[in-house]
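As the structure is a computational prediction, the values presented were derived from the model and not from experiment. Residue numbering restarts at 1 for every chain, and letters A, B, ... go by the order of the sequence lines.
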Amino acid sequence: MGLLPVEFYQSDAVVSLAQQLLGKVLVTDFPAGRTAVMITEVEAYEGPIDKASHAFGNRKTKRTATMYHSGGCAYIYLCYGIHHLFNIVTAPAGVPHAILLRGGEPLEGIDIMLQRRKMDRLAYRMTAGPGTVAQALGLTTKLDGQSLQGPNIWVEDRGIQITPEQIKAGPRIGVDYAEDHAQWPYRLWLKESPWVSRPR
DNA sequence: TTCTCGATTGTCT
DNA sequence: GACAATCGAGAAA
């Protein structure tokens, strides 16, 4: 229970860590108010050996530098010039693993999230997909590199138990350019949850 | 400095 | 089902 400690993020077994993140609660606290979602869908990116990762082959640039930080901070970047995608950096410093948040179940600050998404009523699509969850939570590239120990962003364990039977795994989305690596079953989601992105 | 293209989404047909 | 929107990182020159 409670705030996940930095040690949680230090493992370099990124897929296993991604499984453990399902059912945890991601909280953001900005001037607009506090918002929280239970994590229902993630994708693992195994830095150096993963063609779909920005850090494939240990490529290190200004943008990817964040992924080489010690586990427990946020990696946020702009995609298609429009969408801010939120990742959780994992593994010890120097190992560029990351986990992409793709879906969540709204728990707190739903009115704030609706406002950010410019929606007037709650619908599953509010937080289905990496770009939309990040928008709902108010996450932008300005927050790249932020600690996940607070005060603005953190992850809590609220005692929600997830069993292996509740987790489904499949190929990742939107990474066809990575050829064979796109087929790796690094996309994980909660089988029973409606708060996940629609399969393409 | 210039050029290409993306870990996506929403809208129109 | 098809496609435009939109901008900065990364690569080439």
Side-chain angles (χ1 to χ4, degrees), chain A residues 9 14-15 17-19 21-22 26 37 39-69 71 73-91 95-106 113-146 148 153 155 168-190 194-200:
Chain A
Y9 304 98
V14 65
V15 179
L17 208 52
Q19 286 174 7
L21 276 171
L22 291 171
L26 175 65
V37 300
I39 298 171
T40 58
E41 183 178 356
V42 294
E43 274 182 11
Y45 284 83
E46 198 161 16
I49 62 166
D50 189 347
K51 277 187 203 166
S53 169
H54 296 156
F56 174 62
N58 278 313
R59 181 171 54 175
K60 193 165 188 178
T61 63
K62 191 177 177 187
R63 176 175 65 157
T64 63
T66 313
M67 284 201 279
Y68 291 83
H69 291 177
C73 63
Y75 170 49
I76 305 175
Y77 75 97
L78 190 63
C79 186
Y80 293 95
I82 307 170
H83 306 107
H84 301 264
L85 304 202
F86 170 79
N87 299 249
I88 291 173
V89 175
T90 70
V95 182
H97 292 171
I99 296 168
L100 171 70
L101 174 69
R102 291 192 58 90
E105 176 176 336
M113 291 194 272
L114 283 171
Q115 206 174 337
R116 286 178 178 144
R117 295 276 290 113
K118 297 183 166 51
M119 292 169 60
D120 51 3
R121 66 177 70 166
L122 191 56
Y124 290 139
R125 68 169 206 275
M126 184 179 80
T127 54
T132 55
V133 205
Q135 186 183 16
L137 290 167
L139 297 163
T140 70
T141 53
K142 287 179 190 165
L143 300 156
D144 182 52
Q146 277 266 319
L148 297 181
I153 314 170
V155 183
K168 285 209 72 163
R172 290 173 297 187
I173 298 196
V175 293
D176 295 342
Y177 64 88
E179 299 162 8
D180 46 323
H181 292 191
Q183 296 307 312
W184 293 359
Y186 277 16
R187 174 175 174 237
L188 307 168
W189 69 97
L190 295 180
W195 298 97
V196 296
S197 65
R198 218 177 20 157
R200 298 259 159 166

For the pair made of OH in A:Y77 and P in B:dG6, what is the distance, rounded to whole Å? 11 Å
May I have the step-by-step check of side-chain hydrogen bond (donor to acceptor under 3.5 Å, both in side chains) for A:R116 and A:Q135, ending in yes or no? CA-CA 7 Å; A:R116 286 178 178 144; A:Q135 186 183 16; over 6 Å; no
Looking at B:dG6 and A:Y177: do their rings stack (centroid distance under 5.5 Å, interplanar angle under 30°)? no
Starting from P on C:dA4, measure out to NE2 on A:H83 and report it in whole angstrom. 16 Å
Quiz question: going by heavy-atom distance under 3.5 Å, is there a donor-acceptor pair between the base of B:dA7 and the side chain of A:H54? yes
Pick the P atom in C:dT6 and in B:dT2, then give their distance to the nearest Å. 22 Å
Which of parallel (below 30°), tilted (30 to 60°) and perpendicular (above 60°) describes A:Y80 and A:H83? perpendicular
Separation of B:dA7 P from A:I82 CD1 (nearest whole Å): 14 Å
In this structure, how many angstroms lie between the P atom of B:dA7 and the CG atom of A:L188, rounded? 19 Å
Does C:dG10 pair with anything, Watson-Crick or G-U wobble, both distances under 3.5 Å, and if so, with which nucleotide? B:dC3
Which part of the nucleic acid, if any, lies within reach of A:R102 when heavy atoms closer than 4.0 Å are counted: base, sugar-phosphate only, or nothing? sugar-phosphate
Suppose you measure atom C1' in B:dA7 against the same atom in C:dG1; what distance do you get, rounded to whole Å? 23 Å
At under 4.0 Å, does any side-chain N or O of A:T61 touch on OP1 or OP2 of C:dG10? yes
Using a cut-off of 4.0 Å on non-hydrogen atoms, how would the nucleic acid contact of A:R59 be classed: base, sugar-phosphate, or nothing? sugar-phosphate
Could you pull out the closest heavy-atom pair between A:V155 and A:I88, with the gap in Å? CG2-CD1, 4.4 Å
Rounded to whole Å, CZ of A:R172 lies from P of B:dG6 at a distance of 16 Å
Give a yes or no on whether the backbone of A:T90 and the side-chain of A:H97 come within a donor-acceptor separation of less than 3.5 Å. no
Minimum side-chain heavy-atom gap A:K168-A:W189 below 4.5 Å: yes
Would you kindly give the CD-to-C1' distance between A:Q135 and B:dT9, to the nearest whole Å? 10 Å
Round to a whole Å and report the spacing from CZ of A:R63 to C1' of C:dC7. 12 Å
Select base, sugar-phosphate, or nothing to describe what A:T141 touches, counting heavy atoms under 4.0 Å on all strands. nothing
Rounded to the Å, how far apart are A:Y80 OH and C:dC3 C1'? 12 Å
